Amino acid sequence: MTDLLSSTATRAARYLDDIRERSVRPSPEAVARLNAFDIALQQEPIAAEQVLEELDRIGSPATMGIAGPRFFGFVIGGSLPAALAANWLASAWDQNTGLYNITPGTAVLETVALRWLIELLGLPSGCAGAFVTGTTVAHITALAAARHAVLKRADWNVEADGLFGAPPITVIAGAEAHPTLFKALGVIGMGRNRVVKIPVDDQGRMRADALPPVSGPTIVCVQSGNLNTGAFDPVDEICDRLAGTGAWVHVDGAFGLWARVAPTRADYAKGIERADSWATDGHKWLNVPYDSGIAFVRDGDALRASMAVTAEYLPTETGHRNPSDFTPELSRRARGVDIWAALRSLGRSGVTEMIERTCRHARRFAELLSAAGYEILNDVVLNQVLVSFGDPETTHRVIAGIQEDGTCWCGGTVWQGRTAMRISVIGWNTTDDDVERSAAAMLRVAAEQEAGRGASR
Ligand SMILES: Cc1ncc(COP(=O)(O)O)c(C=O)c1O
C-alpha cells in the first residue's frame with residue numbers, strides 16, 4: 001500500500017506540474033490513444049501498480065487541463081492543495097458519512113465546515129445544510145424542503161401523500177435562470193414548463209417590477225450570478241415585494257454566493273440572507289475537488305422532514321447532526337472534509353483574496369480585449385466576461401482557434417441573441433501572468449483569423 005500510494009502521489013504531482021505548460025486541451029493524438037483502454041476484461045487480477053501506470057500513461061494526457069491555471073470554461077475551478085490532499089486522506093478513511101454514531105470524525109468535520117460556511121457567507125445562523133454533489137442536487141434538496149414547507153402551510157403532507165391531488169404550487173423564476181434549476185424543479189415534480197418566467201433586464205437580472213402578485217403556496221427562485229454575465233437578481237427588492245405573502249425564496253448562488261465574502265462585490269449580493277434557501281458549489285469558487293455542492297435551508301425542520309429516514313437497523317438516535325438527515329443520499333462520501341480543509345487552509349482572508357483576485361483577473365481580460373477593439377457584451381461585475389469577435393461565424397472560428405492553440409481554453413455561448421466567447425475566471429492558481437499570456441493568445445488567434453479571412457476574400 002505505501003509504495004502504491006507514494007508512487008501515485010508522485011504521478012499526481014507530476015501531472016499537476018505538467019499541466020501548467022502543456023496544451024490545456026488534450027491533443028487529438030492523446031485522445032485517440034484512449035482506444036488502448038477499450039480491451040476485454042482479462043480473467044486474472046493484475047498488480048495495482050500496473051493498473052495505475054496504465055491509467056497515468058494513457059489517461060493523464062487525454063484529460064482537459066481543468067486543474068491548471070488557464071482553463072476558463074464553464075465556471076470550473078481547480079483543487080486547492082489542502083483540499084486535494086484532504087480528499088485523498090478522506091478516501092483512505094473511506095467513511096460512509098451518513099450517521100454520527102458510525103462515523104463521528106467526518107460527521108463532526110462536516111458540522112464544523114457547515115458552520116464556517118454559514119458564518120463566512122453571512123447566512124442566518126442556525127441554518128441547516130447538506131453536502132451534496134453540486135448545485136443541481138443542492139437545488140433538488142433545498143426545493144424539496146421548500147415544497148414540504150409551502151404545502152405544510154396548506155395542510156398537505158407531501159412526503160406521505162405525494163403531489164397527486166396536492167394544492168398547486170406556483171413556481172416563479174427569472175427568464176435566464178440556469179437550466180439545472182428547471183431540471184431540479186422537474187425532478188421534484190414541479191414541472192419544468194409550468195414555471196412562471198419573469199422577464200430580465202439587459203444584464204439578465206430578473207425584473208422585480210415584473211413579479212406578479214402572489215398568494216397560496218409559492219416558490220420564487222432567484223439567481224445570484226448569471227451563468228453568462230455574472231449579474232445578480234435584485235433579491236433585496238424581490239424579498240420586499242414578497243413580504244407577507246409566505247412565498248419561499250430560493251437562491252441559485254452556484255458561484256455568485258461567494259461574492260458575499262469579497263468587500264468589493266458584496267453589495268451585488270445584498271439581501272441574500274433574507275431568502276429561505278440557497279444552493280452553491282464547493283467545486284466552483286472554493287476550488288475543492290469534484291464533486292461538491294452545498295444546500296442551505298433556513299427551516300431545518302423542513303429539510304429534515306423531506307430527507308431523513310429511520311429504520312430499525314440504523315443507529316440514527318444521537319444528540320449530534322446525522323449528515324444523511326439532510327441529504328438525498330444515505331450512503332455518502334464526506335464531501336465536507338474537503339471543504340473544511342479548504343477553509344482551514346485559506347482562512348477568511350484567503351477566501352476573500354481568492355474571490356477578489358479572480359474578479360480582478362476577469363476585469364483585466366475585459367480591458368485587454370476591449371483595448372484591442374473587441375466588444376465586451378456584459379458589465380463585468382464578477383468573474384464572467386462575454387466577448388464578441390465580430391459576427392457569429394467569426395466568433396465561433398476564433399473560439400475554435402483558441403481551443404486548438406492550447407494556451408488557454410474558453411467556450412462559446414449565445415446570450416440575448418449575441419454569439420460570444422465566455423471567459424470564467426475562477427481557478428485558485430491563475431496568476432496575473434496567466435491572464436496576460438492567455439489574452440495575448442486570444443488576440444493572436446483573433447488576428448490570425450482576421451488575416452486568414454482577408455486573404456480568402
Ligand atoms: C448559476 C448556476 N447554477 C447551477 C449550476 C449547476 O451546478 P452543478 O453543475 O454543480 O450542478 C451552475 C453550474 O454549472 C451555474 O453556473
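In each ligand, atom 1 is the first atom listed, and ligand 1 is the first ligand listed. Just so you know, these numbers come straight off a predicted model, no measurement behind them. Any value given below was found using the heavy atoms of this structure, including those in side chains, with hydrogens, waters and symmetry copies removed.
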Novice: Can you confirm if the aromatic rings of Trp340 and Phe131 lie within a centre distance of less than 6.0 Å?
Specialist: no

Novice: Shortest non-hydrogen contact from Ala173 to Met206?
Specialist: C-CE, 3.8 Å

Novice: Hey, does the Lys NZ or Arg CZ of Lys270 hover above the aromatic six-ring of Phe232, less than 6.0 Å from the centre and inside 45° of the axis?
Specialist: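 Judged by the rule (NZ or CZ under 6.0 Å from the ring centre, within 45° of its axis), Lys270 is not positioned above Phe232.
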
Novice: Decide if the gap between the ring center of His250 and the ring center of His139 is smaller than 6.0 angstrom.
Specialist: yes

Novice: Charged N to carboxylate O below 4.0 Å: is that the case for Arg397 and Glu393?
Specialist: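 Judged by the 4.0 Å cut-off on N to carboxylate O distance, Arg397 and Glu393 do form a salt bridge.
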
Novice: Show the numbers, then the answer: is there a side chain to side chain contact (heavy atoms under 4.5 Å, CB included) between Arg418 and Glu375?
Specialist: CA-CA 11 Å; Arg418 302 285 310 274; Glu375 188 186 358; 2.8 Å; yes

Novice: Please produce the table of protein N or O atoms sitting under 3.5 Å from N or O atoms belonging to ligand 1, one pair a line, distance to 0.1 Å.
Specialist:
{"from": "ligand 1", "atom 1": "3 (N)", "to": "Asp252", "atom 2": "OD1", "distance (Å)": "3.1"}
{"from": "ligand 1", "atom 1": "3 (N)", "to": "Asp252", "atom 2": "OD2", "distance (Å)": "2.7"}
{"from": "ligand 1", "atom 1": "7 (O)", "to": "Asp281", "atom 2": "OD2", "distance (Å)": "3.4"}
{"from": "ligand 1", "atom 1": "7 (O)", "to": "Lys284", "atom 2": "NZ", "distance (Å)": "3.4"}
{"from": "ligand 1", "atom 1": "10 (O)", "to": "Thr135", "atom 2": "N", "distance (Å)": "3.1"}
{"from": "ligand 1", "atom 1": "10 (O)", "to": "Asp281", "atom 2": "OD1", "distance (Å)": "2.9"}
{"from": "ligand 1", "atom 1": "10 (O)", "to": "Asp281", "atom 2": "OD2", "distance (Å)": "2.8"}
{"from": "ligand 1", "atom 1": "10 (O)", "to": "His283", "atom 2": "NE2", "distance (Å)": "2.9"}
{"from": "ligand 1", "atom 1": "11 (O)", "to": "Thr135", "atom 2": "N", "distance (Å)": "3.3"}
{"from": "ligand 1", "atom 1": "11 (O)", "to": "Thr136", "atom 2": "N", "distance (Å)": "2.8"}
{"from": "ligand 1", "atom 1": "11 (O)", "to": "Thr136", "atom 2": "OG1", "distance (Å)": "2.5"}
{"from": "ligand 1", "atom 1": "14 (O)", "to": "Lys284", "atom 2": "NZ", "distance (Å)": "3.2"}

